[in-house]
Amino acid sequence: MGAPQPPLAQVETSIDDDVVVARVVGEVDMSNAIEVQDRLLGAVPASAHGLAIDLAELAYLDSAGVRLLFELQERLSRRGQGLRLAVPAGSHVRRVLLLTRLDTLVALDEDVAASIAAIRSSV
Amino acid sequence: MLEDGSLVRRWVSPTFTRITGYSLDDAAAVGGWGELVHPDDRAVARGRIERLLAGEPDAVEIRVVCKNGTIVWILDRGHPIRDASGRVVRILGAARDITEFRRNEATLGVLARTGELVVAQTADAALRLLPGILVPDAAELALVVHADGRAGPRATGRGADGTALERRLVDAGRPVEPLAGAIARAVEAGATRVEEIATEVTEASLVVAPLLAGATVHGVLVVGRLGRGRWAAADVAVVDELARRAAVAVERARSTALAAAARRGAERAAERARTLQAVAAALSRAVTQEQVARACLAEAILATGARAGFVTLLEDTGDMLRILSSAGYDADRVAEMRRFPLTLELPSAIAARTGRPVWALTRRAVARYPLVQEIGLAAGDVAWAALPIPSGERPIGAILLAFGHAIRLPEEDRALLLGIASLCGQALDRARLFEAEQAARDEAQQAADRLARLQRATAALGEAVHPDAVLDVVVEQALAAVGADGAFVMLRGQDDGALHLVRERGFPPGLLDPYAVAAEEADVPAADALRTGRPTYRQSARDYRRRHPTSADDFDRSGFRAQATLPLRVHGRVEGVLALLFRSSRRFVAADRALLETLTLQCSQALERATLFDAEHVARADAEAVRDELGRVQALTDVALSELSFEQLLETLLDRVGSLLDAEAAAILLPDERGDLAVRASFGLAEDALRQVRVPVGTGIAGRVAGNGVAIVIEDVLEEEVGPSVLRDAGMRAIASVPLLAAGATVGVLSIASSTPARFGEDALRLVRLAADRMALAIANARAYQQQTAIAETLQRSLLLDTLPSVPGTDLAARYLPATDDVEVGGDWYDAVARRDGRLALVIGDVVGHGIEAAATMGMLRSALRAYLLEGYGPADVLERLDRLVRAVRRGELTTCAICVLDPLDGTLELAVAGHPPPVVVQADGSAALLESGRGTPLGVPARRRQAAERLEPGATILLYTDGLIERRTRGLEDGLARLVQAATTAEPEPLVAAVLDALFPADGRRDDDVALLAARRAEVPADRVVQRIPARPEALASARRALRSLLVRAGASVEATDAVMIAAGEACANAVEHAYGPTDASFVLDARIEGGEIVVIVSDEGSWRPARGRGRGHGLGLMQGLVDDVAVLPGEDGTRVELRHRLAAAERAGPV
């Protein structure tokens, strides 16, 4: 087993007015996808307008992570809350999201500020 | 004076009236003056009147009863008055009260009489005198009241009056009121008092005077006068004085009596002391308990004047009393009674039981114990004293004393008797101790004697060798050991089971003759002992008669009175009896019995030993008689299994038979391929002629023997028609021909011949048969051996691998070399199993032993091992299962083995060893070491198996081998192991195996034992490749990615290509995890290599590819296809394999981004 490994992914959340901002750093795979999803959902109060996730520093995202994002979108939309992802153009994460056609359900922004602004403006 | 001469009182003075209370008229009313005079004084009064009438003046003192009933003394002076004629015509009287005077006079008399008191010898006598001194002169009533309040001696005067007064004052022997109060006051005051009292009858004046001597009140003197105020001070003083003197007299008398009593008491006490002293002296001379009891009883009887008595003692059991000594009673009666239970209601039993004496001193008290009368011992006893005999806290018995008359036993005498009993108790204790010591000394002496006798008997028995001698010793020693008068031994007959007399000693000649045989059911002690197997003891003629009524008369006539009969056991069976007879009755006490039974045991053992010796001796003699014959025949078997070939064997056997029987010719005929008999060995015959001889079964002598399986002996061939015969042709006359029988089948014929007719008798034939049997066995053995060897070789060959399995990442080499000096196959084996999971299982094993059995066990184990390994069990689990298997099938052979499972990808080496030599690991650089971990016991020994987890580095080799490689008869195991490690200098499997065999076996290639070797190498992994076995768990995915990333970085892949391959391969791995099923430790293999600017990633698992279901799922394959150049999913039976290919140069690839 060896020494305890550091968490594969870190999730930092903050609230900017009515928008929850989350930054996911590290790797997301099937071993921690559910945990990350719980962290993200738990950070969004019912009063919030929506969630902006900054994936700019995410090093690895596979289909388990993509599945997480699909489910997250579905739950937030049921609560009437918006979801936007900040994924820099040309990053492999954006490529994964495009390949899995997540962009058809969730809007992708170049940075998190854009995501926040878009959520506010949609209210 | 009246005419008739009577006197008429004409006048009375006032003084008269004052004194008497009567006026003139009053007096006339009661009948005249004369009536007033006290009856006692009336005669005096009349005499005086006559004298006065005669003209003489006169004076008398008379008592007059006053009108109030009191009595007064008066001095009555009369003076006659004459007329002219001188005739007395009147009497002039003058009365004077002289009562006081008279009383004083009386009291003076009283004092005068006090002298009487002085002579009174006792207080009672003095007190008895006292009232008489006072009454009637000084008082009407005198009464002594004792110090204890009882009314004592008394005297009453003046007729009924005094008596009446006394009755008023005393009732039921005690003073009552008002007297009681008066006494109390006087005693209280300690002084004489005057009390005036009035009762219903009369008034009285009492003087109450305590009889005081010092402070002691010896009683009270009450003196009474009728009427009030009757005591002058002087009177009182007289009474007081009298009381004082009486008290002194009483005091003196009492002290005199006390002194006398004290003197008498002292004398009695001295006598008692003398008695006790005498008892103590008598007891000190008594040594035994009985002597003590006798002395005690005699002294007690002497001291009390008893007529009879006995002493009883509690028996050791504590519930029975035994009469130890008696005196005065009928001896027979005492003997009858001798012992009685402690619980009986007998005085002695009660005393012994309760520890308290029983004093039944009157006829009536004795009647309370009717049981004594019933027993009849004590007829005529009127009184009893039963005294407990104390010893420590509890009585140990009682002394009973019987008296012929009722007696008074004062306290002191009772104490004396108890004292005697106490002395008795002490003496009995002492005597008991003495007797116990004496008994112990006697017992020790007797035990020593018995032991000595027993030792003598044992020694004597030990010297006797034959049963006959043993019986002599038995009888002799039994007689000596117990001092019997006669002894005999009877033994069970072989045929009839009855007892037969075999030894006797000490009996008149012929006495036992009628009893020489006793049936088992006979009514005699010997038969009893035989039947029951237990000793019987007949202690007297009466005892014998009670047990054996039908033979008792015989026993009586024999003159013997007691018999001990003891069973003799040989080999656990009662085979006879030893009887000891005594001419007088004899109590066989425990010690006697123990001695007899021990002695009998010794006798039995001696007899058993002698019987065995005898049997052995007979057997040895028999054996010696046939030793030569047997010896020669056995010589035949000696060669049977040696290195002789089959042909040589037959030749040798035939030679031996021939020489044994002094035969001139002999032949062994065995069936040939067609079944005809052919000569396979012979002597004394021309070989050339024989080579062609074929005897069909059923014809000729040998043919008939073979056909019927029955021997034929021909005394002279010339006398009989025997058909064609080589032997006859060779000039032989006598022929013995016997079949060679093996397992009931005729395998050939042995014929021997002699030129002397009738040369072969019964003995010879027996020997020929014996030789034929041995030959047949040798032939059968040889055949079976040949068959078995062939089977075992085939079996083992079939079990050893023709080709070793091919497992990627490994390289194998193996050898099996049979022992060179042994034609049999061994039980060594090796095995290599390629498992589905890509791992390689290696097995080496050794069933100790050789031949078909070992080979069969090996086959069974090998199959089981293979099955367990293919199932996926680890080495320790496999061993535990094998342990159970071995125990279940109970194969006797010791089996050792070693099992390794090597994962070629990461070098993990799981290892478990069951009593097998340690494997050798040779590193890629050629350094070698023993692998000592994972060791355990050989198979079948219940144990928890341990499993070691080692690691085989890339390029390193593990070498498994059997002990034939390292064990030599000429050197130790350690030496062999050292040589092995030294010889292992290369990790290449084939060269390693060859080098080791070269080094450990000599140049001529000879081997004592068979050897198996198996070497497996983990291939070296090149730098441009990553091969990893990854547990099928989500947490393991990150580390797989790290390994892949490092390969991509080393290969200089672009960031884009790296990211793409990472995600695609990650998807493939995640699929393998999702597909995993079955055992929880499922895994998959990631194999990635760089090939010509392209990376090839192969992910292979043991599951089957399953399309993902559900929303958001199923992106895996799409991602892979979208990210890398080529994706192939190859489902197979054993799992799924995903192959990814991607060019490393990022520029060449145009993504959709």
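Below, chains carry the letters A, B, ... as their sequence lines are ordered, and counting in each starts from 1. These numbers come from the heavy atoms of this one structure, side chains and all, not from hydrogens, waters or symmetry mates.
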Checklist entry - Which atom names give the shortest non-hydrogen contact between B/L1086 and B/A1040, and what distance separates them? => result CD2-O, 3.9 Å

Next on the checklist: Going by the rule side chain to side chain contact (heavy atoms under 4.5 Å, CB included), which residues pair with B/A1060 if we only count those two or more places apart in sequence or in a different chain?
Outcome noted: A/R95, B/L1123, B/H1142

Next on the checklist: Would B/R1143 and B/D1125 count as a salt bridge (Lys or Arg N to Asp or Glu O under 4.0 Å) here? Give the steps.
Outcome noted: CA-CA 7 Å; B/R1143 291 211 59 79; B/D1125 298 343; 5.8 Å; no

Item to check | Passing option when B/I899 is tested against B/L842, B/L911, B/L869 for side-chain contact (heavy atoms from CB on, under 4.5 Å) | outcome: B/L869

Next on the checklist: My understanding is that only residues two or more places apart in sequence, or in another chain, count here; which of them pass salt bridge (Lys or Arg N to Asp or Glu O under 4.0 Å) with B/D1087?
Outcome noted: B/R1025

Checklist entry - What part of A/L61 gets closer than 4.5 Å to chain B, counting heavy atoms only: side chain, backbone, both or neither? => result backbone

Checklist entry - Residues of residues 26-36 of chain A under 4.5 Å from chain B (heavy atom pairs)? => result A/E27, A/D29, A/M30, A/S31

Next on the checklist: Just to be sure I understand the criterion: a residue of residues 1092-1100 of chain B counts if one of its heavy atoms is under 4.5 Å from a heavy atom of chain A. Which ones qualify?
Outcome noted: none

Checklist entry - So which heavy atom on B/L1037 is nearest to which on B/A1070, and how close? => result CD2-N, 3.9 Å

Checklist outcome for this item: Per side-chain contact (heavy atoms from CB on, under 4.5 Å), B/L1144 is matched among B/T1058, B/I1090, B/V1061 by B/I1090

Next on the checklist: Please report the interatomic distance CZ(A/R79) to CZ(A/R75), rounded to the nearest 0.5 Å.
Outcome noted: 9.5 Å

Checklist entry - What is the distance from atom CG of B/N1071 to atom CG of B/L1117, rounded to the nearest 0.5 Å? => result 8.0 Å

Next on the checklist: I need the A/D17 CG to A/R120 CZ distance, nearest 0.5 Å.
Outcome noted: 4.5 Å

